[in-house]
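Notes for the one structure printed next.
Worth knowing before you read on, the calculation uses all heavy atoms, side chains too, and leaves out hydrogens, waters and symmetry mates. Positions are given from 1 along the sequence.
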Amino acid sequence: MKIKSSELILNPDGSVYHLNLRPEHLAENIIFVGDQNRVDRISRHFDTIEFSTQKREFKTQTGTYKGKRFSVISTGIGPDNIDIVVNEIDALFNIDLETREIKKELTSVNIVRIGTSGSLQADIPVNSFVLSQYGLGLDNMMRSYLIEDITDYAMEEAFIAHTQWDLRKGRPYFIQNSPWLEEKLSSDQTFKGITGTAGGFYGPQGRVLRLGIQDPELNHKIDNFKFNDYRITNFEMETSAIYGLAKLLGHHAVSLNTIIANRANGTFSEDPYAAVDQLILYTLDKLSEI
């Protein structure tokens, strides 16, 4: 089936529309960051940098670290941007951009998000690392896709009942990471649990400035939720979308966050930049060993 030009939009130079990348520009080990300035914080550790480009908030640099090829891409903030980035990455590997045909042999890539986040649990201190075993989607973005076979329905039902979730906001979903990649990135330095992905920073994460919110007790309900051995460890705005799209498209994905704030006890990291740099080196070293 040939994909229409209105569905897969290419730039005049043959690159994909938003990322401004051609297939040769991208490595199979890909690190996502939200902030475009964080791309340089990662690539400064590279031995070589072979390619760099930026269009809007999407900045990409590709190079090598300890002999392994990596690409770092800034996604900007939110699950809507993840929809753009993951779909265009998959197109670069698995669609022939000249014929617009899906390739017969598909490539699976490794995607690791390096982010910052606030812990919801008092025992997960600032400056620690959280590896997300599941993404809890509170954003609705993945509901545009056929996700029934990749979501944990029992976990969804338990969460809805526990929080008395108002379904007018959409149905939450739980999607697991890549267990294979989780094993490669785990150590005694990583806390694990469920990461909540919100569609916004203020009201959707329970913050109140001048506007009242639909459920002022939601954060308290969330941090008390448990399902088997899983609990919700932290809030951010990308993980569930990364896990959902990666799972549907056959890629491996894990989200790692440096905890720079603990919302349970009101503390904030004294040096969040150093904490992020520690996670960057941790991730590069782990991925270079695969």
Side-chain angles (χ1 to χ4, degrees), residues 15-93 107-117 129-132 177-178 181-182 184-185 190 195 236-239 241-243 245-246 249 251-258 260 272-290:
S15 62
V16 290
Y17 183 62
H18 296 91
L19 297 185
N20 212 34
L21 299 174
R22 295 195 302 270
E24 65 269 21
H25 296 151
L26 207 54
E28 293 185 17
N29 291 289
I30 302 168
I31 294 173
F32 283 177
V33 293
D35 182 356
Q36 57 193 279
N37 294 323
R38 198 169 289 160
V39 173
D40 291 331
R41 294 184 73 85
I42 295 177
S43 65
R44 70 183 181 185
H45 298 290
F46 287 0
D47 305 314
T48 61
I49 296 176
E50 65 184 70
F51 175 79
S52 181
T53 191
Q54 182 167 2
K55 184 177 180 181
R56 303 182 186 180
E57 63 266 58
F58 306 116
K59 181 175 181 177
T60 302
Q61 289 190 342
T62 296
T64 58
Y65 177 81
K66 294 186 176 180
K68 202 170 191 74
R69 195 165 180 250
F70 287 89
S71 292
V72 188
I73 301 177
S74 61
T75 66
I77 297 174
D80 50 342
N81 278 10
I82 296 300
D83 183 59
I84 292 170
V85 174
V86 176
N87 274 294
E88 291 194 2
I89 285 173
D90 182 75
L92 287 164
F93 283 99
T107 299
S108 177
V109 303
N110 301 321
I111 298 171
V112 179
R113 165 171 153 74
I114 295 179
T116 56
S117 185
F129 305 157
V130 167
L131 187 153
S132 309
N177 66 12
S178 162
L181 195 53
E182 175 187 337
K184 301 298 182 182
L185 293 172
T190 51
T195 292
E236 47 86 271
M237 296 177 63
E238 288 82 28
T239 293
I242 294 170
Y243 285 6
L245 290 169
L249 292 166
H251 303 300
H252 295 283
V254 159
S255 181
L256 287 166
N257 277 278
T258 299
I260 61 170
Y273 295 106
V276 170
D277 286 339
Q278 289 173 2
L279 180 58
I280 288 169
L281 286 172
Y282 175 91
T283 304
L284 287 172
D285 286 337
K286 288 288 186 181
L287 284 174
S288 68
E289 295 169 359
I290 296 176

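Of all the heavy atoms in Asn81 and Gly76, the pair that sits closest is ND2-CA, 3.7 Å. Minimum heavy-atom separation, Asp83 to Leu245: CA-CD1, 3.7 Å. Contact record, Ser255 with Thr239: OG-OG1, 2.7 Å, taken as the closest heavy-atom pair.
Residues passing the side chain to side chain contact (heavy atoms under 4.5 Å, CB included) test with Ser178 are Trp180, Leu181, His252, sequence neighbours excluded. Listed by chain and residue number, Asn94, Leu249, His251 satisfy the side chain to side chain contact (heavy atoms under 4.5 Å, CB included) test with Asp90 (two or more places apart in sequence, or in another chain). Taking the salt bridge (Lys or Arg N to Asp or Glu O under 4.0 Å) definition, one finds that Arg38 meets it with nothing, sequence neighbours left out. For Glu28, the side chain to side chain contact (heavy atoms under 4.5 Å, CB included) test picks out Phe93, Thr107, Val109, with sequence neighbours left out. In terms of the salt bridge (Lys or Arg N to Asp or Glu O under 4.0 Å) criterion, residue partners of Asp285 (sequence neighbours excluded) are, by chain and number, Lys66. The side chain to side chain donor-acceptor pair (under 3.5 Å) search around Thr195 returns Ser132, Asn234, not counting sequence neighbours. Every residue two or more places apart in sequence or in another chain was checked for a salt bridge (Lys or Arg N to Asp or Glu O under 4.0 Å) with Glu88, and none qualifies. For Ala253, the side chain to side chain contact (heavy atoms under 4.5 Å, CB included) criterion is met by Ile111, Ile242, Tyr243, Ala246, not counting sequence neighbours. Not counting sequence neighbours, Asp35 has no partner by the side chain to side chain donor-acceptor pair (under 3.5 Å) test. Evaluation of the salt bridge (Lys or Arg N to Asp or Glu O under 4.0 Å) rule for Glu57 yields no partner, not counting sequence neighbours.
The side-chain hydrogen bond (donor to acceptor under 3.5 Å, both in side chains) analysis of residues 70-79, with sequence neighbours excluded, yields the pairs Thr62-Ser71. Residue pairs meeting the ring pair (Phe, Tyr, Trp, His ring centres under 6.0 Å) criterion with at least one member in residues 43-74, sequence neighbours excluded, are His25-Phe51.
Partner Ile82 forms a side-chain contact (heavy atoms from CB on, under 4.5 Å) with one of Met237, Glu238, Arg113 and no other, that one being Glu238.
Between the CD atom of Gln54 and the CD atom of Gln61 there is a distance of 9.5 Å, given to the nearest 0.5 Å. The distance from atom NZ of Lys184 to atom CD1 of Ile290, rounded to the nearest 0.5 Å, is 6.5 Å. To the nearest 0.5 Å, the span separating CG on Leu279 from CG on Leu284 amounts to 9.5 Å. Atom-to-atom distance recorded for Leu256:CG and Thr283:OG1 is 4.5 Å, nearest 0.5 angstrom. For the atom pair OG1 (Thr116) and CG (Asn257), the distance works out to 6.5 Å, reported to the nearest 0.5 Å. Note that the CG atom of Leu281 and the NZ atom of Lys286 stand 13.5 Å from one another [nearest 0.5 Å].
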TODO: For Thr258 and Phe129, run side-chain contact (heavy atoms from CB on, under 4.5 Å): C-alpha distance rounded to whole Å, both residues' side-chain angles, the deciding distance at 0.1 Å, then the answer.
DONE: CA-CA 5 Å; Thr258 299; Phe129 305 157; 4.2 Å; yes

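Within the 4.5 Å cutoff, side-chain heavy atoms of Leu287 are placed close to those of Ile31. When side chains are defined from C-beta on, Thr190 does not count as touching Leu185, because their heavy atoms never get closer than 4.5 Å. For the pair Asn87/Val16, no side-chain contact is recorded, criterion being any heavy-atom separation below 4.5 Å from C-beta on. Looking only at side-chain heavy atoms (C-beta outward), Asp40 and Lys59 come within less than 4.5 Å of each other.
For the residue pair Thr48 / Thr64, a side-chain donor-acceptor distance below 3.5 Å is found, with atom types taken as modelled.
For CD1 of Ile77, the number of neighbouring non-hydrogen atoms (other residues, nucleotides, ligands) closer than 6.0 Å is 12 at most.
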